[in-house]
Amino acid sequence: MSILTVSNLAKSYGADQLFSDITFTIAAGQKLGLIGRNGGGKTTLLKILLGQETADPNSSAPPKVTLAAGRRMGYLRQEAPVHPERTIAEEIEVALEPYRAVQARITAAEHAMSAAASDDALAAALEDYTEALDEFESRGGWEIEAEKDSTLMRLGFGPDVLAKQVGACSGGEQTRLALAKLVLTRPDLLILDEPTNHLDINATEWLEGFLKEYAGAVILVSHDRYFLDAVVDTIAELEFQKLTIYKGNYSHFRRQKEERLQRQQELYENQQKEIERLKDLVKRNMGADATQSNIRHKTLGRIERMEKVEAVRFDNSRVKARIDDKNAGRIGREVLNINGLTKSFGERTLFANLEAIIERGDRVGFVGPNGAGKTTLVRMLLGEEEPTSGTMQWGHNVKRAYFSQHATDALDVSKTVIDTLRDEMPGWTETQLRGYLARFLFTGDDVFKKVDMLSGGEKNKLALGCMLLRPTNLLILDEPTNHLDIESCETLGQMLTDYSGTLFLVSHDRYLLNAVTTKTLGLSGKGTAELIEGNYAVWRAEYQDKPVAPPKKPQATPASQPQAAPQNSREQQKQRGKTEAAMARAETRISELEAELAGIEVKLASGGGHDVVALASDHARVQDALTAAMSEWEALAAQLV
């Protein structure tokens, strides 16, 4: 059953057409990933679906967006709105107001039933009670309190921060708070625009699991290829002003699109050969007699009646910039020596006694949960934060360049694109400025756009272009893929692969980390940090995913719980032995599945000619089996309590 029907949508701004003839449906429970280039109209399309913008009128085929009766939509935009004067706890309560309202109706109906003075009054109160109770249950009201606590914890909001003012939260914290509010309301159709921006990897993986199990439908815009593979069952690509639908996840889409374009090109070439053959037939029959005239007429008619196959169009508009490390001078072999580095804030220690030597050409990925100290460590590398103890010794001729996850905030939104670059390079001519901006896909009149009119990804590309103006042999990037489209992420990955200097990369993009890093600095969030050889997949397999059986719940002591008289103690011991044996088997199974999952992730990360689609399918299968094994273990553990 379709819960959203969309037909005949088109949108233009002046002569610039974003898209036309957009028609599709969303079924209950469907998970659709919307992809396309920055500035191509993805966010505009979402706003039309939400009624925040209107589609262009069309008298012959009026545009329509129809949500099924009784269904609700929820939307998380890239810059999520929250109230700065509320606390985090108060903001969450605002999201739960619909639940509280239904609870109040249930309570009022209960009082009305108790006070009913007649059968009619009782029947009316009972009907109100039943309707309210049905709505409460359909919204998942009985589970909402437990879900609220677990959702907040997964998104980095423990009990100790719930009293914090929203206005004092970072942009990332505000985005995560808005996401928590949205998922708790459980709309029938969840629309998410870059939800993984500002999430750490743990929160991203939690959101993956949540959306996979989510009973409602999802429309998702994301640049995270792993995330799309894990969550969606349909891809909608907005390209050349048209929307094309593909069944399957992102990896399936890439293969299907390649096959479709190959078939289209073959059909086009065969048709062109046939057209040339027919034209040659016409040329050979240019005489004046009736037979030749008849042949010409029929042949030209065949050409005109052909349903023409379009030539394959390729979007080759990719960023063509490179990172200039050649003109930065030769850096010393030892770039950075970290000795006993510790950072604490009050009684909380982010990391202690960190030891690391970074050498020329190392590519280090920084990973760990939000709040573990990744950005703090970057600030220390930049000299903006002092360590509590320990030292950092830089090597010879280190020339740093830094891209902050908040780099776009420093752009003057009142200026044009070309004036922004001119401020950085006042000696450049108009031709030099335009030539450089073209590398970042700002061409023609685009260079005269105000920064305020750019999409999030376009702002990111402009900020990245400003950063890369000067030579560097040490590149420090803090979440550079936020707001970028997938093609730009792939281009950035290639730029970093081609870069021969030293790299520090803070990112939640697992694909990028696996593609470009050779070492990983893992921060646990519990006061420890360690540098290892290998990319994110290696770190996860060897460190984060070490199989550790969940701790057993503590048994009550004789002093705190009276000892019951033994009943059938032999049978109880026998049953306990069976349960413990089953738990041991479950623990072994968990370990095996975790090892298998880690092996698949290493293959996914390495590429190496592996069948990515098959590996993605195996990943989903093993993940489901692991979840089932963990549930079995927990059920057995509960029997021993």
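Throughout, residue positions are numbered sequentially from 1 according to the sequence presented. Computed from a prediction, not measured in an experiment: that's the story for all the values here.
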Participant: Salt-bridged, Arg510 to Glu205, with N to O below 4.0 Å?
Facilitator: yes

Participant: When you measure from the side chain of His508 to the backbone of Thr204, do you find a donor-acceptor pair of N or O atoms at a distance under 3.5 Å?
Facilitator: no

Participant: What distance separates Leu199 CG from Leu179 CG, expressed to the nearest 0.5 Å?
Facilitator: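 That separation rounds to 6.0 Å.
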
Participant: On the ring face of Tyr13, is Lys11 found with NZ or CZ under 6.0 Å from the centre and within 45° of the axis?
Facilitator: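 Checked: cation-pi criterion met.
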
Participant: If you round to the nearest 0.5 Å, how far is CD1 of Ile48 from OG1 of Thr43?
Facilitator: 11.5 Å

Participant: Got a second to check how far Leu4's CG is from Thr25's OG1, nearest 0.5 Å?
Facilitator: 8.5 Å

Participant: Would you sort out whether Thr5 and Lys64 count as a side-chain hydrogen bond (donor to acceptor under 3.5 Å, both in side chains), showing the intermediate values?
Facilitator: CA-CA 8 Å; Thr5 303; Lys64 290 184 180 179; over 6 Å; no

Participant: Under 4.0 Å between a Lys/Arg side-chain N and an Asp/Glu carboxylate O for Glu487 and Arg254?
Facilitator: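 Between Arg254 and Glu487 there is no salt bridge, as every charged N stays at least 4.0 Å from the carboxylate O atoms.
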
Participant: Closer than 3.5 angstrom, by distance alone: can the side chain of Asn535 be matched with the main-chain N or O of Asn514 as a donor-acceptor pair?
Facilitator: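 Indeed, once roles are kept as given, a pair shorter than 3.5 Å links the two residues.
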
Participant: Looking at Arg105 and Glu135, is any side-chain nitrogen of the basic one under 4.0 Å from a carboxylate oxygen of the acidic one?
Facilitator: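 Between Arg105 and Glu135 there is a salt bridge, with a charged N closer than 4.0 Å to a carboxylate O.
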
Participant: Show, in sequence, the C-alpha distance, side-chain angles and deciding distance for Asn38 and Ser455, and conclude whether the side-chain hydrogen bond (donor to acceptor under 3.5 Å, both in side chains) test is met.
Facilitator: CA-CA 7 Å; Asn38 289 135; Ser455 70; 4.5 Å; no

Participant: Do any N or O atoms from the side chain of Arg176 and from the backbone of Leu155 form a donor-acceptor pair under 3.5 angstrom?
Facilitator: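 Yes.
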
Participant: Does NZ or CZ of Arg225 come closer than 6.0 Å to the centre of the six-membered ring of Tyr511, within 45° of the ring's axis?
Facilitator: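 Yes, Arg225 lies over the aromatic ring of Tyr511.
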
Participant: With His483 as reference, evaluate Asn197, Thr408, Asn460 under the side-chain hydrogen bond (donor to acceptor under 3.5 Å, both in side chains) test and give the passing residue.
Facilitator: Asn197

Participant: Using atom types as modelled and distance alone, determine if a side-chain donor or acceptor of Thr23 lies under 3.5 Å from a backbone N or O of Asn8.
Facilitator: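 Here the side-chain-to-backbone pair exists.
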
Participant: Go through the side-chain N and O atoms of Glu91 and His83 and say whether any donor and acceptor fall under 3.5 Å apart.
Facilitator: no

Participant: Taking atom types as modelled, is there a side-chain donor on Ser507 or Asp509 under 3.5 Å from an acceptor on the other?
Facilitator: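 There is no such pair (donor and acceptor under 3.5 Å, judged by atom type) between the side chains of Ser507 and Asp509.
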
Participant: Would you check if the side chain of Ser150 reaches a backbone N or O of Ala146 as a donor-acceptor pair within less than 3.5 Å?
Facilitator: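 Yes; judged by distance alone, with no hydrogens or angles, the pair exists.
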
Participant: Using atom types as modelled and distance alone, determine if a side-chain donor or acceptor of Lys374 lies under 3.5 Å from a backbone N or O of Pro369.
Facilitator: yes

Participant: State plainly whether the residues Lys42 and Glu239 are in salt-bridge range, i.e. N to O under 4.0 Å.
Facilitator: no

Participant: State plainly whether the residues Glu93 and Lys148 are in salt-bridge range, i.e. N to O under 4.0 Å.
Facilitator: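 Salt bridge present between Glu93 and Lys148.
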
Participant: Could you tell me whether the side chain of Leu207 reaches within less than 4.5 Å of the side chain of Pro195, counting heavy atoms only?
Facilitator: yes

Participant: Determine yes or no for a side-chain-to-main-chain donor-acceptor pair under 3.5 angstrom, with Asn249 supplying the side chain and Asp233 the backbone.
Facilitator: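 Judged by distance alone, no pair lies under 3.5 Å.
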
Participant: Report yes or no: does Glu147 contribute a side-chain atom to a donor-acceptor pair with the main-chain N or O of Leu184 at less than 3.5 Å?
Facilitator: no

Participant: Regarding Asp149 and Thr151, do their side chains bring together a donor and an acceptor under 3.5 Å, going by distance alone?
Facilitator: no

Participant: Counting distance only, does the side-chain N/O of Asp478 pair as donor-acceptor with the main-chain N or O of Ser404 below 3.5 Å?
Facilitator: no

Participant: Carefully, step by step, assess Tyr214 and Arg186 under the rule side-chain hydrogen bond (donor to acceptor under 3.5 Å, both in side chains).
Facilitator: CA-CA 9 Å; Tyr214 188 59; Arg186 289 188 170 271; 5.6 Å; no

Participant: Would you give the length of the straight line joining atom CD of Glu208 to atom OG1 of Thr196, rounded to the nearest 0.5 angstrom?
Facilitator: 9.0 Å

Participant: Could you tell me the separation between the CG atom of Leu9 and the CD1 atom of Ile22, rounded to the nearest 0.5 Å?
Facilitator: 7.0 Å

Participant: Distance alone, cut at 3.5 Å: any donor-acceptor contact between the side chains of Gln30 and Thr234?
Facilitator: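 Looking only at side-chain atoms, Thr234 and Gln30 do form a donor-acceptor pair, the distance falling under 3.5 Å.
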
Participant: For Lys257, does the NZ atom have more than 12 heavy-atom neighbours from other residues, nucleotides or ligands under 6.0 Å away?
Facilitator: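 Counting other residues, nucleotides and ligands, NZ of Lys257 exceeds 12 neighbours.
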
Participant: Between CZ of Phe440 and CG of Leu462, what distance do you get to the nearest 0.5 Å?
Facilitator: 9.0 Å

Participant: Would you please test Val367 and Asp200 for side chain to side chain contact (heavy atoms under 4.5 Å, CB included) and show each step?
Facilitator: CA-CA 8 Å; Val367 300; Asp200 59 31; over 6 Å; no

Participant: Keeping Asp188 on the side-chain end and Gly216 on the backbone end, is there a donor-acceptor pair under 3.5 Å?
Facilitator: no

Participant: Side chains of Ser414 and Lys450: any donor to acceptor distance under 3.5 Å?
Facilitator: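 No, because no side-chain N or O of Lys450 sits under 3.5 Å from a partner of the opposite role on Ser414.
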
